[in-house]
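The structure appears below as structure tokens.
As the structure is a computational prediction, the values presented were derived from the model and not from experiment. Position 1 is the first residue of the sequence; numbering continues from there.
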Amino acid sequence: MRNRLKNPDLILRAESLLAVMSLEQKIGQMTQADRMTCSPEDVREYHLGSVMSGAGSAPGANQPKDWVEMNDAYWIASMQSDGTGPAIPILYGLDAVHGNNNVAGATIFPHNIGLGASGDTELLARVAEVTAKEILATGLDWAFAPNLAIAQNTHWGRSYESYGQNPETVARCASAIVKALQSDKDNQSVLACIKHWVGDGGTKHGIDQGDNQLEWTELKSTHIRPFRSAIKAGAAAVMASFSSWKGDKCHANKFLLTDVLKGEMDFNGFVLSDMQGIDYVSEDFYQAVAKSVNAGIDMFMVPENWKLFIEHLMNHVEYGTVPIERINNAVKRILLVKLSYGLFEKPRPKERQWANHASFGSKEHREVAREAVRKSLVLLKNQQDILPLSKDARILVAGKNANNRAHQCGGFTLSWQGDSGNAQIMGGTSIWEAIRLANRNAVLSKSDTAEDADNTAHDVAVVVTGEAPYAEGHGDIRDNDDIIFEVCSTVKGQMRVTDPLGHSLELEKLYPEDLQTIENITAKGIPVVVVLVSGRPLVTNSEIDKASAFVAAWLPGSEGQGVTDVLFGDYNFEGRLSFNWPKVCDPSAPPLFPIGYGLDYKKPEQNKRKRDRFGKSRLARLVPKFNQRPEIKIEQ
């Protein structure tokens, strides 16, 4: 894609189209509306360049055929010229961040934090290929993915969208995902949109949409690094961040958007705003429009007020507060991406090769997800080799996340904040369902906190604990509200502040029922294997101490059998931490387990005995991550 964005013939075509477009057409191309606020007739009348679906915004019965029918209607409308300029095909985008997660029956992969723990870029490429095919099956073209945030403070509610804490980890993931999404293989490509530019993973106190206060050299070496890899891989679009850098909104930061991204980094695609992101640049929306366009935003995600955006931008051009040269540059970039992707040559969505394809949610695709689950699991404790479990053992399965596919999938799954239960997630297995398939002696506790544990009936218990779904700021952990006032005082513009998930990273304070469940079982003399379903590392000292084995399963998605593949020893543990595992809530404190840590099933005598920085004995095989990384050594 990067080479095509520099193709002289395509650049000439874009310039030729631009030369015969009216101002109304140009501004229409810069506008992205949501399907719930615009009709096909609106697309035709206002010359809209893009339509999108926010999380939970789905047509009809939310089946692939419903999406194909919808986008087909938008496409037809976009290709009906009114005689004032050329017909330009619509581009439809959505948040496909762990599979085509808006659509019922899609294959749901582990969130990025799990994929990063796998350390397998070849696997990540196959995950992206499947995701692309399931997007194409719905007749769409564009994924708002991957997220290249480098989460530095897991108080941040978007931590699970980050592949890791290390820029090198995220850079390698970025390159693999972008190349696979945009691959020319078998006409299976979709457009990638890397996000969020830039630094949202490093905001002070981990506050969503907050302020990153790093000096330029550190911002560049840490948070910008993965974007360089993704742009080199050919990323077609970049989404701006809600956050600020040193108090200045990224949506209105000309230095970051134009001077660095488009200038120094030679990015030739287009920049997209985030959901109503320009609303927070200024209290005056009219001024916010001008500031964001002049800073370098090319296409505007304005689902709620897109008509007002068009009106304001028309006025700015008329009054000269936004130069026509800036409009022409933005539209040329949008046209060049559409031309480079071959959108002008593609048939209507109904007639495309992969539309309504039977592979959507197929067993073949789910096997890739199942592999991703088992490679993402990190074994943190395995006392007296209680794992792997016997398939004949009498197993009690307990915990709120044991039989809850929606909790396994987390946020950004069918709805923005996620859901609860099994009904919404079509296909796949909960962890309990997977255990039951592997072991017919397993039983599911009938009590919320395993009051029915019985050492005469159960040899071992698997307790599936952890977080309930959340997304973005609703997942923030804030010690107190004073930090919000502190950050807001440094930010120029507005901030959208939501209630946090809680006030501590300690699992026993967030979800005290989890520890109670473990204690109720161990009090009966039954050993416990804890499987933690969570969007981030949590302070779990009490739970780890009481468990015989402890597994970080992250947010594994729809395929719970990937968990049991490893618990029962059909496959070994391969996952290694891509984040430090905290001992206390302070992110600057030494970790309980460092990046790269993870146990496996190798016999103790075959392992090298290692000690962590606290001097506790660990049996760990720290394999090279991302194919070529050196072995990580823990201090003796």
Flag the pair [X] / [Y] as yes when at least one side-chain heavy-atom distance between them is below 4.5 Å, and no otherwise.
X	Y	value
Trp554	Val378	yes
Asn147	Val97	no
Val368	Val127	yes
Gln209	His196	no
Lys6	Asp266	yes
Pro537	Leu577	no
Trp75	Pro89	yes
Val103	Asn62	yes

- Query: Run the side chain to side chain contact (heavy atoms under 4.5 Å, CB included) check on Val566 and Val373 step by step: do they pass?
  - Reply: CA-CA 9 Å; Val566 182; Val373 174; over 6 Å; no

**Asked** Distance under 6.0 Å and angle within 45° of the ring axis: does Lys346 meet both against Tyr341?
**Response** yes

Check this for me, if you would: do [X] and [Y] make a salt bridge, where the nitrogen-to-carboxylate-oxygen distance has to be below 4.0 angstrom?
X	Y	result
Lys133	Glu364	no
Asp95	Lys195	yes
Arg370	Asp565	yes
Arg126	Glu122	yes
Arg172	Glu168	yes

Item to complete: Show your reasoning for whether side chain to side chain donor-acceptor pair (under 3.5 Å) applies to Ser57 and Asp34.
Response: CA-CA 8 Å; Ser57 175; Asp34 188 278; 3.1 Å; yes

Treating [X] as the side-chain partner and [Y] as the backbone partner, does any N or O pair qualify as donor plus acceptor under 3.5 Å?
X	Y	answer
Arg4	Ser340	yes
Gln182	Ser189	no
Ser430	Glu433	yes
Lys249	Ser292	no
Asp66	Ala61	yes
Arg44	Ser78	no
Ser415	Gly56	no

Would you call the rings of [X] and [Y] parallel, tilted or perpendicular if under 30° counts as parallel and over 60° as perpendicular?
X	Y	result
Tyr92	Tyr74	tilted
Phe242	His251	tilted
Trp142	Phe144	perpendicular
His111	Tyr160	tilted

- Message: Quick one, Thr413 with His98, criterion side chain to side chain donor-acceptor pair (under 3.5 Å). Give me CA distance, side-chain angles, the key distance, then yes/no.
- Response: CA-CA 8 Å; Thr413 312; His98 62 140; 3.0 Å; yes

Paired with Ile431, the side-chain contact (heavy atoms from CB on, under 4.5 Å) test is passed by just one of His407, Arg405, Gln408, namely Gln408

Measuring from [X]:[atom1] to [Y]:[atom2], what's the distance to the nearest 0.5 Å?
X	Y	atom1	atom2	answer
Thr107	Arg366	OG1	CZ	4.5 Å
Ile76	Lys350	CD1	NZ	7.0 Å
Leu115	Thr169	CG	OG1	12.5 Å
Leu140	Arg352	CG	CZ	9.0 Å
Arg158	Glu472	CZ	CD	4.0 Å
Leu261	Asn253	CG	CG	11.0 Å

Query raised in the report: Do Ser420 and Asn404 have side-chain atoms, one donor and one acceptor, less than 3.5 Å apart?
Result: yes

Side chains of Asn305 and Gln276 only: does a donor on one sit below 3.5 Å from an acceptor on the other? yes

Can you name the nearest heavy-atom pair linking [X] to [Y], along with the distance?
X	Y	value
Pro167	Arg225	CB-CD, 4.1 Å
Leu181	Ala192	CD1-CB, 3.9 Å
Ala137	Pro64	O-CB, 3.9 Å
Asn100	Leu94	OD1-CD1, 3.4 Å
Cys38	Val51	SG-CG2, 4.0 Å
Ser243	Val198	OG-O, 4.2 Å

Here the salt bridge (Lys or Arg N to Asp or Glu O under 4.0 Å) pairs for residues 100-119, sequence neighbours left out, are none

List the steps and the verdict of side chain to side chain contact (heavy atoms under 4.5 Å, CB included) for Ile425 and Leu414. CA-CA 8 Å; Ile425 309 300; Leu414 297 177; 4.2 Å; yes

Dump the intermediate steps for side chain to side chain contact (heavy atoms under 4.5 Å, CB included) on Met265 and Arg228, then the final yes or no. CA-CA 7 Å; Met265 295 173 65; Arg228 292 189 184 277; 3.4 Å; yes

Practice prompt. Report the C-alpha separation of Val337 and Leu5 in whole Å, then their side-chain angles, then the decisive distance to 0.1 Å, and conclude whether the side chain to side chain contact (heavy atoms under 4.5 Å, CB included) test is met.
Written response: CA-CA 7 Å; Val337 167; Leu5 290 171; 3.9 Å; yes

Between Lys363 and Glu367, is the salt bridge (charged side-chain N to carboxylate O under 4.0 Å, His left out) condition met? List the steps. CA-CA 6 Å; Lys363 185 178 188 301; Glu367 283 299 317; 3.5 Å; yes

Using the ring centroid of each side chain, check whether Phe579 and Trp156 are separated by less than 6.0 Å.
no

Item to complete: Evaluate whether atom CZ of Phe344 has more than 12 neighbouring non-hydrogen atoms of other residues, nucleotides or ligands under 6.0 angstrom away.
Response: yes

